[in-house]
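First up is the structure itself, then whatever we jot down about it.
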Amino acid sequence: VTHLLQLEAFVRLTYGTDIDARTYLQKFYNLIIHLPGDGKYDHERLSRRFINYLNQHLPLDKNALDFVDAAVRACGLSLREVEKITIYMSLAIAFTTSKTHTYFRPPPILAGLCILKVIEPQLFQKAKSGLLSMEEAIGAFQFSKWDEGNVRTWAFKWWQYALDKNLDLSNPEWRDFASNMGGHFRVDRQNFVRFVADSVIDRLQIPGS
């Protein structure tokens with residue numbers, strides 16, 4: 001399996017622009033068979049099918065995968081990047097979950113940080129240091145390109161709750177977020193992203209262990 005256009009570019013780089021790269025490469029193969037691309041429906045997309053396949057073999061969270069799938073479409077992520085992202089997520093889930101302690105990790109935060117670790121490592125480092133801004137998260141995840149719906153709203157609000165320093169916490173809409181976060185471990189919301197990035201994803205530690 002290969003990308004012929006990239007190979008042709010490599011041949012021209014190696015032997016000069018005058019070479020007929022396609023004819024040269026035909027010495028190494030007899031037939032070309034194109035793999036099927038994206039289908040007509042959402043479930044037929046290559047990225048969605050690949051994510052579903054990985055979900056069968058790795059300990060993953062469906063809601064976190066929905067976040068990844070939306071980001072894949074918005075940011076144009078490759079299947080190789082999707083694989084790395086899901087591996088980071090599965091490790092974090094496997095190592096911070098036990099029979100006696102199920103660690104709370106909101107899917108949008110876990111998935112988003114794993115995405116940053118793969119495609120925007122400098123922003124992931126800022127998240128580990130507690131310096132990531134809401135504007136940087138919005139830019140990295142390309143929320144404006146997501147399909148309208150519950151997944152986009154829910155994901156955006158989790159990141160807004162975690163990063164927006166000017167949030168009006170007296171608004172009833174944030175009550176459930178505060179209750180969920182406070183009910184599982186004692187980390188204030190402005191240190192929450194830093195905690196998940198540093199302790200859960202990078203050090204694979206259960207809180208208090």
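Annotation: side-chain contact (heavy atoms from CB on, under 4.5 Å) contacts of Gln125 (sequence neighbours excluded): Lys128. Scanning for side-chain contact (heavy atoms from CB on, under 4.5 Å) contacts around Tyr53 gives Phe50, His57, with sequence neighbours left out. In this view, Glu148 and Arg152 satisfy the salt bridge (charged side-chain N to carboxylate O under 4.0 Å, His left out) rule, not counting sequence neighbours. Scored by the salt bridge (charged side-chain N to carboxylate O under 4.0 Å, His left out) test, Glu83 finds no partners at all (sequence neighbours excluded). Under the salt bridge (charged side-chain N to carboxylate O under 4.0 Å, His left out) criterion, Asp66 pairs with Arg48, Lys62, not counting sequence neighbours. Partners of Leu169 under the side-chain contact (heavy atoms from CB on, under 4.5 Å) rule, at least two apart in sequence or in another chain, are Tyr161, Leu167, Arg189. Arg203 is linked by a side-chain contact (heavy atoms from CB on, under 4.5 Å) to Asp198, Ser199, Gln205, counting only residues two or more places apart in sequence or in another chain. With sequence neighbours excluded, the residues that form a salt bridge (charged side-chain N to carboxylate O under 4.0 Å, His left out) with Glu136 are Lys126.
A donor-acceptor pair under 3.5 Å is formed between the side chain of Trp146 and the backbone N or O of Phe141.
Inter-residue side-chain proximity for Val72 and Ile85 is flagged as unmet; no heavy-atom pair is nearer than 4.5 Å. Proximity of Leu163 to Ser133: side-chain heavy atoms (C-beta onward) are nowhere separated by under 4.5 Å. Looking at heavy atoms from C-beta onward, Val118 lies out of side-chain contact with Leu77 at the 4.5 angstrom threshold. For the pair Ile93/Leu58, no side-chain contact is recorded, criterion being any heavy-atom separation below 4.5 Å from C-beta on. Side-chain atoms of Leu110 and Asp61, non-hydrogen and from C-beta on, never get closer than 4.5 Å to each other. In this structure the side chain of Trp158 never reaches within 4.5 angstrom of the side chain of Pro107, judged on heavy atoms.
In plain terms, the two heavy atoms of Ile115 and Ala71 that are nearest each other are CD1-CB, 3.6 Å. The two residues Cys75 and Gln142 have their closest heavy-atom pair at SG-CG, 3.7 Å. In terms of heavy atoms, Cys114 sits closest to Ile201 at SG-CD1, 3.9 Å. Pairing each heavy atom of Met89 with each of Val68, the nearest pair is CE-CG2, 3.9 Å. The two atoms that bring Thr86 and Leu60 nearest to each other are O-CD2, 3.4 Å, heavy atoms only. Nearest approach of Phe124 to Ala197, heavy atoms of both residues: CZ-O, 3.6 Å.
Trp159 has its ring centre no less than 6.0 Å from the ring centre of Phe143.
Cluster partners of Tyr15 are Leu4, Leu7, Val11, Ile19, Tyr24, Leu25, Phe28, Tyr29, Ile32, counting Ile, Leu, Val, Met, Phe, Trp and Tyr whose side-chain heavy atoms approach within less than 4.5 Å, directly or via other members.
By the neighbour-count criterion of 12 heavy atoms within 6.0 Å, atom CG of Asn171 is densely surrounded, having more than that number from other residues, nucleotides or ligands. Around atom OH of Tyr88, no more than 12 heavy atoms belonging to other residues, nucleotides or ligands sit under 6.0 Å away.
Lys84 contributes atom NZ, which lies 8.0 Å from atom OG of Ser78 (distance to the nearest 0.5 angstrom).
Under the salt bridge (Lys or Arg N to Asp or Glu O under 4.0 Å) criterion, the residue pairs touching residues 109-118 are Lys117-Asp202, with sequence neighbours excluded. Sorted by first then second residue, the salt bridge (Lys or Arg N to Asp or Glu O under 4.0 Å) pairs that include residues 6-16, not counting sequence neighbours, are Glu8-Arg22. The salt bridge (Lys or Arg N to Asp or Glu O under 4.0 Å) analysis of residues 157-173, with sequence neighbours excluded, yields the pairs Lys157-Glu173.
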